[in-house]
Novice: 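Can you keep this structure in mind? I'll have questions shortly.
Counting starts at 1 for both ligands and their atoms, following the listed order.
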Amino acid sequence: MSQLILGVESSCDETGVALVRADAAGVPRLLAHALHSQIDMHQAYGGVVPELASRDHIRRVVPLARQVVQEAGCALADVDLIAYTRGPGLAGALLVGAGFACALGVALQRPLLGVHHLEGHLLSPFLSADPPTFPFVALLVSGGHTQLMRVDGVGQYSLLGETVDDAAGEAFDKSAKLMGLPYPGGPHLSRLAESGRDDAFELPRPMLHADNLDFSFAGLKTAVRTHLVRLGWLDQPATLADPASAPVLADLAASTQAAIVDVLVRKSLAALKQTGLTRLVVAGGVGANRRLRAQLDAAAQRRRLRVHYPEMHLCTDNGAMIALAAAMRLQAGLAQPQPAAAFDVKPRWPLAAI
Ligand code: KG4
Ligand code: ZN
């Protein structure tokens with residue numbers, strides 16, 4: 001029997017709701033998804049303000065649920081199961097999605113399933129036109145996490161390496177902020193980098209030659225800061241409107257992006273070599289980075305490896321990946337839907353522990 005799953009994501013600064021249908025064989029298909037990004041609201045503060053995030057999720061989640069149901073041409077009463085992001089993430093923001101899921105579950109008398117946000121990212125390429133097959137190495141690169149995992153099947157995740165300090169997304173965001181670029185810095189820095197030279201500034205490739213699969217990005221941010229101090233741009237950021245500084249800023253953006261991407265690519269290849277696997281899945285917001293994709297694709301072609309990505313619009317946070325992860329866990333017999341009577345969230349929740 002097929003199942004209609006409503007997925008709700010609210011772990012950070014995006015409210016996402018989606019409907020996924022899992023057919024009798026468990027194969028998931030995305031029927032509709034809707035997203036509201038809070039980026040404009042947080043931009044004034046240079047980062048996510050948790051309390052504002054929670055309040056905005058409250059405003060958005062019901063209209064978004066109505067929208068996906070209408071787009072999919074069904075009724076809320078057709079929903080068989082409500083999946084929500086249980087963690088990790090901002091406690092208040094998670095509680096909004098979980099509370100909404102529980103209330104809807106009570107009203108419709110349908111069960112709930114709490115989903116791990118990173119499992120959602122990790123499985124999101126299964127909704128793409130070129131889905132992977134198990135086993136594979138996953139490079140999870142989001143705003144808060146940078147991890148290499150060995151994935152042998154749904155729920156079979158072993159950690160190969162992770163960042164010891166900042167995440168790759170944080171390295172993008174913090175460097176961009178120092179350079180005076182708007183929040184979130186990743187996409188802005190990468191756009192600016194397109195017109196810059198990768199080798200204009202010398203920047204460290206932290207832990208590139210370490211004998212493990214861990215990452216460290218905090219030193220990179222410090223190096224970017226040092227260059228900005230030398231340029232006299234730390235307290236008074238250069239403006240892109242100034243024709244003299246714009247190319248220099250683009251060079252610094254390109255050099256920063258190159259340093260981050262180099263490390264991600266080299267460590268991913270090392271993880272494939274170490275595990276003997278030939279498939280890599282890239283997931284999380286930084287997976288939208290074009291240079292990362294181009295370099296991984298080029299390396300894969302040389303070494304006869306396959307790289308799988310989520311569709312571009314499903315790289316950052318969304319409800320589709322939450323509904324999908326619920327469908328795949330159910331199909332694998334790993335999850336037991338819970339009666340909609342109580343809920344909890346897990347702001348800190350290691351993926352390897354689920
Ligand atoms: O997965 P995600 O949407 O949220 C978290 O779970 O953290 O990832 C957000 C991160 C941010 O750090 C953002 O700057 C980064 O992904 N990001 C990018 C790009 N698009 C989003 N970083 C580099 N290049 C991009 N094109
Ligand atoms: Zn995420």
Novice: For residues E9 and S11, is any side-chain donor paired with an opposing acceptor at under 3.5 Å?
Specialist: yes

Novice: Could you tell me whether E194 and R291 make a salt bridge, using a distance below 4.0 angstrom between a side-chain N and a carboxylate O?
Specialist: no

Novice: Verify the ring-centre separation between F134 and F126: is it less than 6.0 angstrom?
Specialist: yes

Novice: Does the pair D214/K267 count as a salt bridge with the N-to-O cut at 4.0 Å?
Specialist: no

Novice: To the nearest 10°, what's the angle at the Zn ion (ligand 2) between atoms OD1 (D317) and NE2 (H121)?
Specialist: 90°

Novice: Relative to ligand 1, is H121 under 4.0 angstrom through side chain, backbone, both or neither, heavy atoms considered?
Specialist: side chain

Novice: In this structure, which one of R150, E119, H116 forms a side chain to side chain donor-acceptor pair (under 3.5 Å) with Y157?
Specialist: E119

Novice: Counting from 1, what ligand 1 atoms have a heavy atom of T316 closer than 4.0 Å?
Specialist: 3 (O)

Novice: Can you pull out every side-chain hydrogen bond (donor to acceptor under 3.5 Å, both in side chains) where at least one residue sits in residues 18-28? Sequence neighbours excluded, please.
Specialist: S2-R21

Novice: One residue to check: N289. Relative to ligand 1, which of side chain, backbone, both or neither has a non-hydrogen atom less than 4.0 Å away?
Specialist: both

Novice: Taking the minimum heavy-atom distance to atom 22 (N) of ligand 1, which of G169, G89, G186 ranks first?
Specialist: G186

Novice: Please confirm if an N, O or S atom belonging to H117, backbone or side chain, lies less than 2.8 Å from the Zn ion (ligand 2).
Specialist: yes

Novice: Backbone, side chain, both or neither: what part of H117 comes under 4.0 angstrom of ligand 1, heavy atoms only?
Specialist: side chain

Novice: Below 4.0 angstrom, N of the basic side chain to O of the carboxylate: do D56 and R60 qualify?
Specialist: yes

Novice: Identify, for atom 12 (O) of ligand 1, the protein heavy atom at the shortest distance, and state residue, atom and that distance.
Specialist: D173 OD2, 2.7 Å

Novice: Which protein heavy atom lies closest to atom 2 (P) of ligand 1, and at what distance to 0.1 Å?
Specialist: D317 OD1, 3.4 Å

Novice: Report the C-alpha distance between H33 and H313 in whole Å, list the side-chain angles of each, state the deciding distance to 0.1 Å, and finish with yes or no for ring-ring contact (aromatic ring centres under 6.0 Å, His included).
Specialist: CA-CA 10 Å; H33 90 110; H313 67 285; 5.3 Å; yes

Novice: Checking a contact table here: which protein heavy atom is nearest atom 20 (N) of ligand 1, and how many Å away?
Specialist: G285 O, 3.4 Å

Novice: Do any heavy atoms of P187 fall under 4.0 Å from ligand 1?
Specialist: yes

Novice: Step through it carefully: locate the ring centre of H145, locate the ring centre of H121, and say whether they are under 6.0 Å apart.
Specialist: no

Novice: What is the nearest protein non-hydrogen atom to atom 9 (C) of ligand 1, stated with its residue, atom name and distance?
Specialist: G143 N, 3.7 Å

Novice: Please state whether the separation between the Zn ion (ligand 2) and some N/O/S atom of H145 is under 2.8 Å?
Specialist: no

Novice: So if I count the atoms of ligand 1 from 1 in the order they appear, which ones are less than 4.0 Å from some heavy atom of G144?
Specialist: 7 (O)

